[in-house]
**Q** 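First the structure, then my questions, so here it is.
Quick note: numbers below take in every heavy atom, side chains included, and nothing from hydrogens, waters or symmetry partners. So that the names make sense, note that chain A is the first sequence line, chain B the second, and so on, each numbered from 1.
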2 protein chains.
Amino acid sequence: MARAGVTVERLAVAAAELADEVGFEKVTVAMLARRFGVRDASLYSHVRNAHDLRVRVALLALAELADHVATALAGRAGKDALVAFANAHRDYALRHPGRYAAAQFDLDDDTIATSAAIRHSEMTRALLRGYHLPEPAQTDAIRLLHSTFHGYVTLESTGRFRHTARTPDASWSATLDALDALLTHWPHANQPT
Amino acid sequence: MARAGVTVERLAVAAAELADEVGFEKVTVAMLARRFGVRDASLYSHVRNAHDLRVRVALLALAELADHVATALAGRAGKDALVAFANAHRDYALRHPGRYAAAQFDLDDDTIATSAAIRHSEMTRALLRGYHLPEPAQTDAIRLLHSTFHGYVTLESTGRFRHTARTPDASWSATLDALDALLTHWPHANQPT
DNA sequence: GCACTATCCTAGTATCCCTAGGCAAGTGAA
DNA sequence: TTCACTTGCCTAGGGATACTAGGATAGTGC
């Protein structure tokens with residue numbers, strides 16, 4: 001009997017594609033096996049269990065997202081870089097909803113430490129160099145940016161912005177303007193309102 | 001044989017509690033039936049299917065969250081209101097992770113239109129009155145606030161802020177300062193950098 | 001007391017995750 | 001080339017889940 005040529009890497013890639021089609025949490029080991037023309041039990045020689053598979057998809061997505069952001073960021077600075085960074089996130093999330101959801105998968109500390117999430121944080125820090133924020137404001141700004149971008153795309157893709165005339169694109173661009181202004185005039189503790 | 005006294009309302013409440021204990025997406029019909037001392041098939045006279053159950057939990061969580069926010073907001077204005085609004089969100093999300101996840105459940109348009117999500121949006125709009133933003137900036141600001149708060153608490157609860165010395169509480173309070181400053185000096189299209 | 005409905009049951013189907021154990025294709029060494 | 005070994009796939013099966021069909025019974029209203 002011919003071998004199907006299943007490998008851990010091909011499994012992760014196929015699972016990622018499947019996630020974009022049916023949603024990350026709806027991906028099933030049996031469904032993945034079917035796609036490879038193989039019995040579901042056969043996948044357990046490549047992957048420990050369903051959780052292990054999801055972790056691999058998450059790591060794949062984190063790496064892809066970091067690459068995508070890095071490419072968009074190359075050679076840019078200031079607001080230009082901020083916009084490119086933000087758009088890279090949103091593009092990835094809207095084009096690959098399953099993979100983006102995977103990137104949000106709850107990884108344990110050791111796993112996340114060896115993931116591309118680190119690279120991602122470093123890029124954000126580099127992006128902020130143009131705004132000359134001292135610590136700890138810089139860390140706060142990183143968290144705010146991540147939160148806003150992540151929140152925006154998740155709310156957008158669960159349809160939370162669909163009930164107002166204003167298009168999501170318009171609000172997105174206004175949001176980027178606002179964040180740029182905020183980073184330019186970041187409030188410090190000794191400057192009360 | 002005595003009746004267990006299962007009703008749709010009690011099912012939704014119990015499922016919400018269960019969600020906080022084991023996670024929203026891990027709640028199962030069988031588990032819920034066990035908690036009522038009843039066979040899982042019996043629940044299907046009260047609830048159409050598992051999806052129906054999740055929708056009910058989502059609506060419950062949305063209503064609770066709106067109530068919680070409304071209470072926190074009562075009698076406050078300006079930055080005071082902003083902080084209360086934001087903290088009410090984060091408190092609810094951290095105290096009731098399962099319910100908060102349920103509130104993010106992907107509801108169809110008709111369902112969400114009859115939910116407390118509307119009330120929630122109106123409160124945000126009321127909160128922003130203190131900052132005197134014209135449309136469409138007001139809508140953009142609402143979306144930005146929702147995005148940032150939602151993003152922050154989800155990233156925080158999936159441990160994404162755990163790898164830096166700065167405590168999440170400190171960044172949170174800095175974020176609120178930043179958002180207050182941003183709303184006070186919201187950039188308009190005719191004010192380029 | 002009787003009909004009716006609502007609540008719960010048993011039984012059964014289909015799907016999923018996962019383990020145990022077997023066979024055979026490919027690999028490396030004698 | 002042949003033989004041992006590893007590896008990729010298999011069948012079989014256990015346990016859990018969502019859900020349906022149909023039956024028994026408790027409570028409700030006449």
**Q** Are A:Tyr100 and A:His96 close enough that their ring centres sit under 6.0 Å apart?
**A**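 Judged by ring-centre distance (under 6.0 Å), A:Tyr100 and A:His96 do not meet the cut-off.
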
**Q** Mind listing the residues from residues 42-51 of chain A sitting with a heavy atom below 4.0 Å of DNA chain D? Number order is fine.
**A**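 Of all residues in residues 42-51 of chain A, the ones placing a heavy atom under 4.0 Å from DNA chain D are A:Ser42, A:Ser45, A:His46.
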
**Q** Check the distance between D:dG8's C1' and A:Glu9's CD and give it to me in whole angstrom.
**A**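 Atom CD in A:Glu9 sits about 15 Å away from atom C1' in D:dG8.
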
**Q** Kindly state which residues belonging to residues 12-34 of chain B come within less than 4.0 angstrom of DNA chain C, counting heavy atoms of the residue only, listed by number.
**A**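 Hits under 4.0 Å, by residue number: none.
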
**Q** Applying side chain to side chain donor-acceptor pair (under 3.5 Å), can you list everything that pairs with B:Thr124, at least two apart in sequence or on another chain?
**A**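 B:His146.
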
**Q** Got a list of protein N/O to nucleotides 12-14 of chain C N/O distances below 3.5 Å?
**A**
none

**Q** What is the distance from CZ of A:Arg39 to P of C:dT19, rounded to the nearest Å?
**A**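 Distance check: A:Arg39 CZ to C:dT19 P gives 19 Å.
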
**Q** For B:Thr7 and for B:Ala41, find the nucleotide of DNA chain C with the closest heavy atom, then tell me which residue's nucleotide is more 5'.
**A**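 The residue whose closest nucleotide sits nearer the 5' end is B:Thr7.
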
**Q** Between side-chain atoms of residues 23-36 of chain A and protein atoms elsewhere (two or more places apart, or another chain), which donor-acceptor pairs fall under 3.5 Å?
**A**
residue	atom	partner	partner atom	Å
A:Arg35	NH1	A:Glu21	OE2	3.4
A:Arg35	NH2	A:Glu21	OE1	3.0

**Q** Do A:Pro187 and A:Leu182 make a side-chain contact, defined as non-hydrogen atoms from C-beta onward lying under 4.5 Å apart?
**A**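 In short, these two side chains touch, coming nearer than 4.5 Å.
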
**Q** Does A:Asp20 pair with A:Arg95 as a salt bridge, N-O distance under 4.0 Å?
**A**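 Between A:Arg95 and A:Asp20 there is no salt bridge, as every charged N stays at least 4.0 Å from the carboxylate O atoms.
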
**Q** Hey, quick one: are A:Phe149 and A:Val69 part of the same hydrophobic cluster, counting side-chain heavy atoms closer than 4.5 Å, chains of contacts allowed?
**A**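 Same cluster.
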
**Q** Just how far, in rounded Å, is P of D:dT7 from CG of A:Leu11?
**A**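 The answer, rounded to whole Å, is 17 Å.
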
**Q** Calculate, to the nearest 0.5 Å, the distance between atoms CG and OG1 belonging to B:Asp180 and B:Thr184 respectively.
**A**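 Rounded to the nearest 0.5 Å, the CG-OG1 separation comes to 4.0 Å.
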
**Q** Please tell me whether B:Val6 and B:Leu60 are part of a single hydrophobic cluster in this structure, the criterion being side-chain heavy atoms less than 4.5 Å apart.
**A**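 B:Val6 and B:Leu60: separate clusters.
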
**Q** Scan for ring pair (Phe, Tyr, Trp, His ring centres under 6.0 Å) pairs involving residues 40-62 of chain B, sequence neighbours excluded, and state none if there are none.
**A**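 Listed once each, the pairs are B:His51-B:Phe105.
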
**Q** Will you find, in the side chains of A:Asp140 and B:Ser171, an N or O donor that is under 3.5 Å from an N or O acceptor?
**A**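 Result is yes, a qualifying pair exists.
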
